[in-house]
Q: 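Quick one: structure below, then a few questions.
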Amino acid sequence: MADVIDGQPAIQRQITYREAVAEGIAREMRRDPAVVCLGEDIAAAGGVFKTTVGLLEEFGPGRVWDTPISEQAIVGAAMGAAMTGMRPVAEIMFSDFLACCWDYLANEIPKVRYMTGGQVTVPLVVRTANGGGLGFGAQHSQATENWAFTIPGLKIAAPATPADVIGMMAAAIRSDDPVVFFEHKGLLASKGAPPPPDHVVELGRAAVVREGGDVTLVALASMVPVALEAAQRLDEEGIEAEVVDLRCLVPLDMSTVLASLARTSRLVTVEENPYQGGWGGTLVSVVADEGFGLLDAPVRRVAGECVPLPFADALEEQVIPTVDKVVATVRALAAY
Amino acid sequence: MADVIDGQPAIQRQITYREAVAEGIAREMRRDPAVVCLGEDIAAAGGVFKTTVGLLEEFGPGRVWDTPISEQAIVGAAMGAAMTGMRPVAEIMFSDFLACCWDYLANEIPKVRYMTGGQVTVPLVVRTANGGGLGFGAQHSQATENWAFTIPGLKIAAPATPADVIGMMAAAIRSDDPVVFFEHKGLLASKGAPPPPDHVVELGRAAVVREGGDVTLVALASMVPVALEAAQRLDEEGIEAEVVDLRCLVPLDMSTVLASLARTSRLVTVEENPYQGGWGGTLVSVVADEGFGLLDAPVRRVAGECVPLPFADALEEQVIPTVDKVVATVRALAAY
Amino acid sequence: MGTQVRDQAQELLTLYERMALVRRTEKAAHDLFLSGLVKGTTHLAAGHEAIAVGASAALRADDYVFATYRGHHHTLARGATPEECLAELMSRATGLCRAKGGSMHLTKAATGMLGSYAIVGAHLPMAVGAAWSARLRGTGQIAVAFFGDGATNIGAFHEALNLAAVWKLPVLFVCENNLYMEYTPIADVTAVARPAADRASAYGIPGETVDGNDVVLVREAVSRLAERARAGDGPALLEAETYRHFGHSRADPATYRPAEEVERWLKHDPLDVARGQLTELGVPTETLAQADERVRDVVQKAVDAAKAAPGPDPREALTDVWADGGAAWRT
Amino acid sequence: MGTQVRDQAQELLTLYERMALVRRTEKAAHDLFLSGLVKGTTHLAAGHEAIAVGASAALRADDYVFATYRGHHHTLARGATPEECLAELMSRATGLCRAKGGSMHLTKAATGMLGSYAIVGAHLPMAVGAAWSARLRGTGQIAVAFFGDGATNIGAFHEALNLAAVWKLPVLFVCENNLYMEYTPIADVTAVARPAADRASAYGIPGETVDGNDVVLVREAVSRLAERARAGDGPALLEAETYRHFGHSRADPATYRPAEEVERWLKHDPLDVARGQLTELGVPTETLAQADERVRDVVQKAVDAAKAAPGPDPREALTDVWADGGAAWRT
Ligand SMILES: Cc1ncc(C[n+]2csc(CCOP(=O)(O)OP(=O)(O)O)c2C)c(N)n1
Ligand SMILES: Cc1ncc(C[n+]2csc(CCOP(=O)(O)OP(=O)(O)O)c2C)c(N)n1
Ligand SMILES: [Mg+2]
Ligand SMILES: [Mg+2]
């Protein structure tokens, strides 16, 4: 897997988001023998999204384990292993299936350290393929970061680029806290520059991925390219949008958001998830409190419609935010 | 159970929230033979919170069913029954345990109507004991309405008074949509006037439970009495707080909130749940958009701390909002 | 040919034709997928037809059926037309689910096909609930849940079987054991040899196995267990051995399966088995050819009609959440 | 008295004294609850002592134990002191979990008691994971999950057992079958007579039953199965029959249990059984009385110390979420 990056001048090479996942895990497995992987079809098959290709070959069956279809056992066993000296990386194939082991993510993993008065730590990563736009229908298309966001005690990572996948995977696996790591299905084929060796992106640091003085767009994962494209189009209309890639929901980098807002005075969130219960609500509520004085206009959230994800393309694009919707929203706001 | 209310002048009688639950279910079971109950220890034992006392006696074992400890089977079976002509009322003993059957609440029940193009309906109620303040620790104390709030397709009811329990239970059981019905453990012993026969409180109508012109407090379930007591104390300081009991998260009655805000220009939410991912965020984000022009001051959320619930009283009261915290927050805001 | 044999042959011919219809419809779906007209994903059941058709023949019209994402065969076996299925796969307004469900969620509630569910194991408790409902309403209906070998290792399986057994409900659990979950052999991740049947004793219910590629045997087994359930003797577990002809989904070439194994199973094609039985019953080849011809015709017309049908009105995205038809979550 | 008998008597006396310590500590907890000094809830294990003490005696000091909300006995059996347990129940800063856990979450990680979990069945997969970890690290440790009869009907039980069996992990599943879930007889909601042992065949692992009120038998059974697991022969299921002396929790008077049943089981008190065995081994009554006296003394001192200990610093509410000791979720 190393050769994905090594051996050629980095500048010429591009790596896919998909490859970055496997590379990110492999780098940590090379570093630390306590890192082990488990999940359905991840070993011999390399994962149904091909995000674990090469791991079995490089690290062997003692470190890469195929499991039954038993989401509770997968995440529960990862927890037990994490409490006893390992650093498991568990895959839940689609993020929708987090619901099948929700007790572990809601009640066990994030609480055991606190409720034992700090006696144990749970250094594990639950990786999962997230998000829609691929016509997979209601039960395989959700952006479910918000489920985890309702639960104190989980770190939540959702990278938007291959370099961030690798850097945030490193941080997640090295973290002594549990991390839910959302890999966006819609980004798997996207490409980017590979990061240097030992690239680590600290969890909880948002990135200003485009600067602009008129309005702040805050986005996550697949909505980052949507926001960037919208910013590009708005630029042509003379509206300068600053784009913040949150990268993580927990820790939530409100400093970066508020600092951007101090420059722009206008805020729009771009969220794939449904409006109701979405992370944008929490973010906006912090802004409406601590950043109230900075605001020159209403805050808008371009978020998913509050419906399940439909199958047909023509319907799905009504539900998930598009560049058009973001542009229209910002345009209206700029005129406020 | 009927005699809880009948036979004496209603004005003299008080009914507990706990009794109201059983009474609310019983009224609907009398009306409609399709209503059946299932859950752990609900029949012979009358429920561990005594919220189903008398149902087995009145309606017999054909309509009140004790189940194994199988949350998935309970809610999954309720779904199958609801799809085929029944109106099941399933109990999940503590709302924390919704995590054990989360797939049904996140992926199955709220989506099946949509994803079949409207071919089926799922008229069921999942009732559950919710909330903290009783020293039950991290896994038995959560206010989990927000978990459900991240999922389009569920109606969410959380009554604050015995009369609302009965009226909203009627609406929930009669609803052709799935309803998650949160009964607050901390309110079970509270008392109120019993409502008249056939009392129905439409889901999605908030109640202005106290009027005032200086600030709007929006609260839910156990936070309603907290907000009311805070309003009382603020009154003594000359601050007039209006208190809105949301009653439901879905449908969310933004009209009532915005109308109140139009009178007061200041908003504070009072939420038992953690700040991160709380319903107040979504509510505030609507206000920061549609009600921006109404606001004279920052919006504040008095919400739970972002930690698991601790066991000791002295710690738990640091985590769950108190009257003191609400008063202090409003006082500071009034001075803005 | 005696009357009995003639009746037998006639019945079997009907089953054969239905299996052929399933096969042909799925073939069309596959072709349409490859030509870009079916989006998302498909999980073809080619090879599993005898289970759906045999079971369906053993059920009453008002019985309930619950299936998985691999559910084309069950939907068709319960009377959905190829046209409405293909239209759904092709995102047409005329699809079974008005283009909101797709391949993984084919549903025809009007004929008791209460849905295809894409979370492994989730529908087993639902089937238990439908059986409970049938009992409560005293209708004599039963419910059947079809699921894969992989589903036997998930918690919902266990909870559903125990509850069904405790309440002695009229529900059948039919496992389509095709030897693989997605890409992993079921034997690698299951503690017992028969993932379904070897679990029956844990619930005190009958656990049987049957050749899932023999439509006659499947029909017999399901008939017997259905009768038992209808008589109030409770649930049962039936493990039908079968094999999928295609990969797990979409373009999966299924290279993880040994060539010898594939070959052996392809030789035991449920359509061939039925053809052999029909020939033995004296049905002439041309009768079979006529059946095949009818099927070809129906499916071709279905493809054409589905192709010609309009896509969904975009406003449909915001309907069907609530029973009132709408999707409003706030005032 | 021969040496062997003397050793045997000495060992059993140690087990007896530990059981007596558990009993007495719980009695104190109950009294403190009634006098308002213990808040929240308690689930007393009185009656279950032989399972915890017998199993613990069969384990290595570095083995892992996972228990339920009914976990006082396991915590004490793994070496927690009555003082730190009672202090936790009484919300003291000196409690095992610094007053953050309470009765349902007693944990002493330092002695391998990795926690008491209050969601039924949730800890079984964790124990599987700890066993997996032991195997990966090559330490020869095993993990034991203790759980109730009611837990055998939840999905996590099934998933844990299957995974443990497939991976042949060194983990024991010990069911404390006390005949009831909360208030409902386990027989009313379980498809088989032995809720745990009758499920073993579904995972191809040994399933045994033992008199859970006989500390010697429990120790023997766990020793044997632990050795097997340590030798690489995989998991096993042990169903220990027992009975709780109190109600399910707090002030539950347990009126749902037939008087005759209660009486029969109270006569089969694990402490009495051990006393009888000790007497048969020739241990004089006064030796037992001395043991009881020591226990009374330890527990009295523990109660006094816990009462005298300070409550938690309120700022502790916002520590211990993250490994860095803090609770910050945002910048
Ligand atoms: C709970 C859950 N986990 C994982 C998946 C992903 N997945 C879809 S199909 C499948 C394999 C199922 O195997 P089996 O039950 O044997 O059915 P088959 O596909 O062979 O018909 C898996 C793992 C899922 N849909 N749901
Ligand atoms: C998933 C879940 N469902 C329900 C409960 C509520 N509950 C707590 S203890 C209990 C009974 C458990 O019975 P059993 O497993 O036999 O253990 P025992 O209490 O008898 O020791 C129940 C239903 C829970 N804690 N977790
Ligand atoms: Mg299979
Ligand atoms: Mg029990």
Side-chain angles (χ1 to χ4, degrees), chain A residues 33-34 36 38 62-63 65 67-86 88 100-101 103-104 107-108 110-123 152-153 155 175-177 204-206 249-258 282-283 286, chain D residues 64 66 88 95-102 104-110 114-115 117-119 121-137 139 141 143 155-156 158-164 166-167 169 171 312 316 319-325 327-331:
Chain A
V36 287
L38 75 168
R63 296 184 65 193
W65 294 65
T67 68
I69 307 177
S70 303
E71 277 73 11
Q72 295 189 74
I74 292 169
V75 179
M79 177 179 171
M83 290 167 71
T84 54
M86 305 303 296
C100 298
C101 51
D103 180 45
Y104 292 92
N107 293 327
E108 316 294 342
K111 294 183 167 54
V112 69
R113 184 167 205 288
Y114 187 86
M115 76 193 194
T116 62
Q119 291 184 58
V120 296
T121 53
V122 193
K155 297 205 162 157
S175 164
D176 285 334
D177 297 313
R205 291 235 184 258
L249 292 183
V250 177
L252 184 67
D253 188 358
M254 286 307 305
S255 310
T256 295
V257 173
L258 290 165
T282 296
L283 186 141
V286 174
Chain D
Y64 299 119
F66 293 80
E88 182 66 25
L96 265 178
C97 305
R98 311 218 317 268
K100 282 177 170 165
M104 295 207 282
H105 300 303
L106 293 186
T107 300
K108 180 145 181 166
L114 287 186
Y117 296 85
I119 311 268
H123 59 305
L124 275 67
M126 296 176 209
V128 171
W132 179 49
S133 158
R135 157 96 74 79
L136 291 168
R137 290 177 291 110
T139 58
Q141 294 162 289
H158 180 66
E159 296 192 11
L161 269 78
N162 184 63
L163 187 65
V166 169
W167 289 359
L169 296 175
V171 53
E316 281 273 305
T319 64
D320 289 333
V321 173
W322 308 122
D324 70 6
W329 63 280
R330 51 161 288 209
T331 60

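Chain letters run A, B, ... following the sequence lines, proteins first and then strands; every chain starts at 1. Scope of the values below: all heavy atoms of this structure, side chains included, with no hydrogens, waters or symmetry mates.
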Q: Give the member of D:Ile119, D:Leu163, D:Leu96, D:Val128 that has the highest number of heavy-atom pairs under 4.5 Å with chain A.
A: D:Ile119

Q: Where does A:Val112 contact chain D at under 4.5 Å (heavy atoms): side chain, backbone, both or neither?
A: side chain

Q: For chain A, which of D:Trp322, D:Trp329, D:Trp167 has the most heavy-atom pairs under 4.5 Å?
A: D:Trp322

Q: Check whether any side-chain N or O of D:Asp320 sits under 3.5 Å from a backbone N or O of D:Gly325 as a donor-acceptor pair, and report yes or no.
A: no

Q: Please look at D:Leu114 and chain A and tell me whether the side chain, the backbone, both or neither of the residue comes under 4.5 angstrom of a heavy atom of that chain.
A: both

Q: Among A:Thr121, A:Asp176, A:Val120, A:Asp253, which residue has the highest count of heavy-atom pairs closer than 4.5 Å to chain D?
A: A:Asp253

Q: What I'd like to find out is whether the side chain of D:Trp132 reaches to under 4.5 Å of the side chain of A:Leu38, using heavy atoms alone.
A: yes

Q: Give a yes or no answer on whether the side chain of D:Lys100 reaches the backbone of D:Glu316 with a donor-acceptor pair at less than 3.5 Å.
A: yes

Q: Go through A:Thr84 and D:Arg137 one step at a time and tell me if the side-chain contact (heavy atoms from CB on, under 4.5 Å) criterion holds.
A: CA-CA 10 Å; A:Thr84 54; D:Arg137 290 177 291 110; 3.8 Å; yes

Q: With a 4.5 angstrom heavy-atom cut-off, is it the side chain or the backbone of A:Met79 that approaches chain D, or both, or neither?
A: side chain

Q: Decide yes or no on side-chain contact (heavy atoms from CB on, under 4.5 Å) for A:Ile74 and A:Trp65, but give the supporting numbers first.
A: CA-CA 10 Å; A:Ile74 292 169; A:Trp65 294 65; over 6 Å; no

Q: Tell me whether D:Glu159 contacts the main-chain N or O of A:Gln72 through its side chain, where contact means a donor paired with an acceptor under 3.5 Å.
A: yes

Q: Is the shortest side-chain heavy-atom distance between D:Glu88 and D:Leu106 below 4.5 Å?
A: yes

Q: Walk me through it: do A:Thr116 and D:His105 pass the test side-chain contact (heavy atoms from CB on, under 4.5 Å)?
A: CA-CA 7 Å; A:Thr116 62; D:His105 300 303; 5.9 Å; no

Q: With chain A, which of D:Ala143, D:Ala122, D:Ala156 has the greatest number of heavy-atom pairs at distances under 4.5 Å?
A: D:Ala122

Q: Between D:His158, D:Arg98, D:His123, D:Met104, which shows the greatest number of heavy-atom pairs under 4.5 Å with chain A?
A: D:Arg98

Q: Between D:Tyr64 and D:Gln141, do the side chains contain an N or O donor and an N or O acceptor separated by less than 3.5 Å?
A: yes

Q: Using non-hydrogen atoms only, which part of A:Val75 is less than 4.5 Å away from chain D: side chain, backbone, both, or neither?
A: neither

Q: Under a 4.5 Å heavy-atom cutoff, which of A:Val250, A:Asp103, A:Ile69 has the most pairs with chain D?
A: A:Asp103

Q: Below 4.5 Å, heavy-atom pairs only: which of A:Gly118, A:Pro88, A:Cys101 has the largest tally toward chain D?
A: A:Gly118

Q: Tell me, side chain or backbone of A:Lys111 under 4.5 Å from chain D's heavy atoms, or both, or neither?
A: neither

Q: Does any backbone or side-chain atom of D:Thr139 lie under 4.5 Å from a heavy atom of chain A? Answer side chain, backbone, both or neither.
A: neither

